[in-house]
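See below for the structure under consideration.
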Amino acid sequence: MRTATSRHRGTHPFRSLLACPVRTHGRIAVLSAVLTVTALLLSAAPGSAAESGWWVPTGRPAPDSQVNVTGEPFKGTDSQGRVRGLVDAHDHLMSNEAFGGRLLCGKPFSEAGIADALKDCPEHYPDGSLAIFDYIMNGGDGRHDPDGWPTFRDWPAHDSLTHQQNYYAWIERAWRGGQRVLVNDLVTNGVICSVYFFKDRSCDEMTSIRLQARKTYEMQDYIDRMYGGPGKGWFRIVTDTGQARDVIRQGKLAVVLGVETSEPFGCKQILDVPQCDSDDIDRGLDELYELGVRSMFLCHKFDNALCGVRFDSGSTGIAINSGQFLSTGTSWTTENCPGPQHDNPIGSSTDAQCNVRGLTTLGEHALRGMMKRKMMVEIDHMSVKAAGRTLDVLESASYPGVISSHGWMDLGWTERVYRLGGFVAQYMSGAEGFIAEAARTKALRDRYGVGYGFGTDMNGLGGWPAPRGADAPNPVRYPFRSADGSAVLDRATTGERTWDLNTDGAAHYGLVPDWVEQIRLLGGQEVVDDLLLGAESYLRTWSGSERHAPGVNLAGNAAASASSTEWNPFTSYAPGRAVDGDPATRWASGWSDDQWLRIDLGSARVVRSVTLDWEHAYGKAYRIEVSTDDRTWQTVWSTTTGDGGLDTARFTATSARYLRVHGVQRGTGWGYSLKEVGVYGG
């Protein structure tokens, strides 16, 4: 059991007085006075009692947590017109509503007040003996003092996986400390819900997602009432970048809704059979968009009907693979990785292997549906095979809306994400590790002119930065000034408990500014400056998605011919099958090199790029040729290192009526086979 330190036990200002013997009839009066003063202290307005301004609510409930920040939150933009501020690209405000409603204890807010919000699950009383998930995932026996408000002896803590870390006043402290964007990922897992002993609701994932979205809007209303009515609070859910920029200019926090779940739209698979279809996906995406969701994971933890996942490693991977079997009837299957990117090893293995499952046909339908709706695609948790295909599709359309929000993609994809216009954030790890990773990718950020972000993943059943110790070099010294310089922060206090990052680690969301200060002390201002550019970079990725206009495929249903066509008595592999818009059909050549597919655009058109979606029989060496008269051909692009999949060839704008894909060397023993060829002028 984690026990409180003597510092925490001894900070109550009247504990010694209550322990002293009082021999006169005035004892009752003294005790009454003590209790009155204690109640006043516990219900004191957060922050400085003398502070006033638009950022200090007039209707905060009492008692409540302190915020321990002074200074007006900064507004507006920097000298270059960019919004400033930190971005948390991955948080879970409402996961207490997930997993059957009893796995994560406590709430981010409650109409009944803090004592109701910050209390433990009923089965954790009296000593945490039945905190089963906590000790399965975190070791030990799970025992702890279950009391939250007002003592908080054992939780929240950096290593407690099942207790609320996102109480609204703690988020308020992070906002006052310089954060300007927060992505609230609505999250759940039906398998965890089904096997966990305690639950009070359905395990259906989409039902939970709907509830969490509603609760997020209710939290916005709750905060608004403190500030005088609708729209007046600092917590603002936004559904486009215009709203987000307006909110940040006002000095408030822009909250974006995302989804991270294992079976979106019911798209699980059982014994490799999808349990959803394209209509389910279209309806589901429409519903999520109406709820305000603007970013999404297509798969998470378990392979589903949309994509394969990137494995968890170690003992966690073994446990999740068991859940995978319960969910799908199949275990993870691996293969040798074809390139430098790899998935995590499973269990005790040290050999990196890749998931055989990539992005499925239904997954690609969902991906293109997200692009159509201008949503951002999360590639963390995708297998290497799925992430590679997803990036291929996004690159073929020059779609910038790709996010790695908490460091779960293979780091080898980082430049591809930046090249597209995407955004990368790192998991909220210990300061030293975070700084080292930030340094590793600093040159890329500078090259692409982007900022940096973090993903706290709080309430996400992970772990958070441990205390470095009071005697560690360069400790955070309280009070300190916020990253942007506008605010002064003292130690975070809620009820009788005061947290210090040096000795408590990142126990809850209110310690995020303290963690950023630790990064500044250990890594220098340069790292923090990149973090302060994070909100702007995230919004640029989002706005690029909003502005994206799909190109017109000049080759759609155009006349096509070829050097040869594979004969099959049951299926046509005619040249026109490569331009019919149907990825289920294809052109296939004879089984020899030096083959070509020719497309007649009908008239001279300006051509700038070509996309080629290869079947398993692909071209290793091939070239793109153009002609105005079908006699004289000019090579505009070529490769000798083709690896199949979806290729995008970009070249200098050229006027041509005819375009030819000319195969020089096959990548397999078969011929050349193209499912679709796209020709674009934009």
Side-chain angles (χ1 to χ4, degrees), residues 1-9 11 46 64-69 88 91-93 95-96 104-108 114 117-121 124 128 131 134 137-140 142-177 179 182 427-431 433-434 454-470 472 475-476 478 480 489-519:
M1 182 179 72
R2 182 182 180 276
T3 57
T5 64
S6 59
R7 178 181 61 80
H8 295 139
R9 295 181 187 275
T11 53
D64 206 353
S65 174
Q66 297 183 44
V67 177
N68 308 105
V69 184
D88 179 357
D91 188 26
H92 301 293
L93 295 180
S95 58
N96 59 291
L104 193 137
C105 310
K107 310 171 188 175
I114 190 170
L118 297 181
K119 65 181 180 183
D120 216 335
C121 293
H124 286 199
D134 217 0
M137 296 299 292
N138 204 31
R143 297 196 176 200
H144 62 275
D145 184 330
D147 287 339
W149 173 267
T151 57
F152 300 106
R153 287 190 180 91
D154 283 340
W155 67 270
H158 74 92
D159 55 355
S160 173
L161 305 186
T162 61
H163 294 98
Q164 182 61 239
Q165 296 176 296
N166 279 323
Y167 186 60
Y168 91 91
W170 298 336
I171 297 169
E172 181 177 357
R173 188 174 190 271
W175 157 62
R176 293 281 302 274
Q179 188 171 323
L182 184 153
Y427 189 81
M428 185 187 179
S429 58
F434 188 93
F454 52 83
T456 62
D457 202 17
M458 287 204 174
N459 286 5
L461 309 181
W464 297 275
R468 297 181 66 242
V476 173
Y478 295 90
F480 64 89
L489 295 90
D490 209 338
R491 290 175 177 83
T493 297
T494 303
E496 298 174 17
R497 179 72 186 270
T498 295
W499 286 271
D500 182 319
L501 187 78
N502 302 300
T503 54
D504 295 305
H508 61 68
Y509 209 93
L511 279 297
V512 168
D514 310 49
W515 174 75
V516 174
E517 171 66 1
Q518 189 175 81
I519 287 172

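All values derive from a computational prediction rather than experimental measurement. Only this structure's heavy atoms are used, side chains among them; waters, hydrogens and symmetry mates stay out.
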Partners of [X] by side chain to side chain donor-acceptor pair (under 3.5 Å), sequence neighbours excluded?
{"X": "Gln518", "value": "none"}
{"X": "Gln165", "value": "none"}
{"X": "Trp515", "value": "none"}
{"X": "Tyr478", "value": "Asp514"}

Taking only residues two or more places apart in sequence or in another chain, which ones pass side-chain contact (heavy atoms from CB on, under 4.5 Å) with [X]?
{"X": "Pro108", "answer": "Met94, Asn96, Gln164, Met219"}
{"X": "Ala507", "answer": "Trp499"}
{"X": "Asp147", "answer": "Tyr125, Asp145, Thr151"}
{"X": "Pro467", "answer": "His158"}

- Item | Distance-only donor-acceptor check, side chains Ser429 and Trp464, under 3.5 Å |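 Checked: Ser429/Trp464 side chains show no N/O donor-acceptor pair below 3.5 Å.
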What is the minimum heavy-atom distance between [X] and [Y], and which atoms define it?
{"X": "Phe434", "Y": "Tyr427", "answer": "CD1-O, 3.5 Å"}
{"X": "Val512", "Y": "Ala174", "answer": "CB-CB, 4.4 Å"}
{"X": "Tyr509", "Y": "Pro513", "answer": "O-CD, 4.2 Å"}
{"X": "Ile114", "Y": "Ser65", "answer": "CD1-N, 3.6 Å"}
{"X": "Leu104", "Y": "Leu161", "answer": "CD1-O, 4.1 Å"}
{"X": "Asp500", "Y": "Arg491", "answer": "OD2-NE, 3.0 Å"}

- Query: Does Asn502 reach the main-chain N or O of Pro475 with its side chain, forming a donor-acceptor pair under 3.5 Å?
  - Reply: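 No.
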- Message: Test your reading of the model: is there a side-chain donor-acceptor pair from Arg497 to the backbone of Phe152, 3.5 Å cut-off?
- Response: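 Yes.
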- Task: Decide side-chain contact (heavy atoms from CB on, under 4.5 Å) for Leu93 and Asn459; before the verdict, give the C-alpha distance in whole Å, the side-chain angles of both, and the deciding distance to 0.1 Å.
- Result: CA-CA 7 Å; Leu93 295 180; Asn459 286 5; over 6 Å; no
- Message: Asp457: which residues meet the salt bridge (charged side-chain N to carboxylate O under 4.0 Å, His left out) condition with it, sequence neighbours left out?
- Response: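 Partners of Asp457 by the salt bridge (charged side-chain N to carboxylate O under 4.0 Å, His left out) criterion come out as none, since no residue qualifies.
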- Carboxylate-amine/guanidinium contact Arg173 Asp490, below 4.0 Å: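 The answer is no: the pair does not qualify as a salt bridge.
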- Residue list, ring pair (Phe, Tyr, Trp, His ring centres under 6.0 Å) with His163, at least two apart or on another chain: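 Scan of His163 (ring pair (Phe, Tyr, Trp, His ring centres under 6.0 Å), adjacent residues dropped) gives His124, His144, Trp155.
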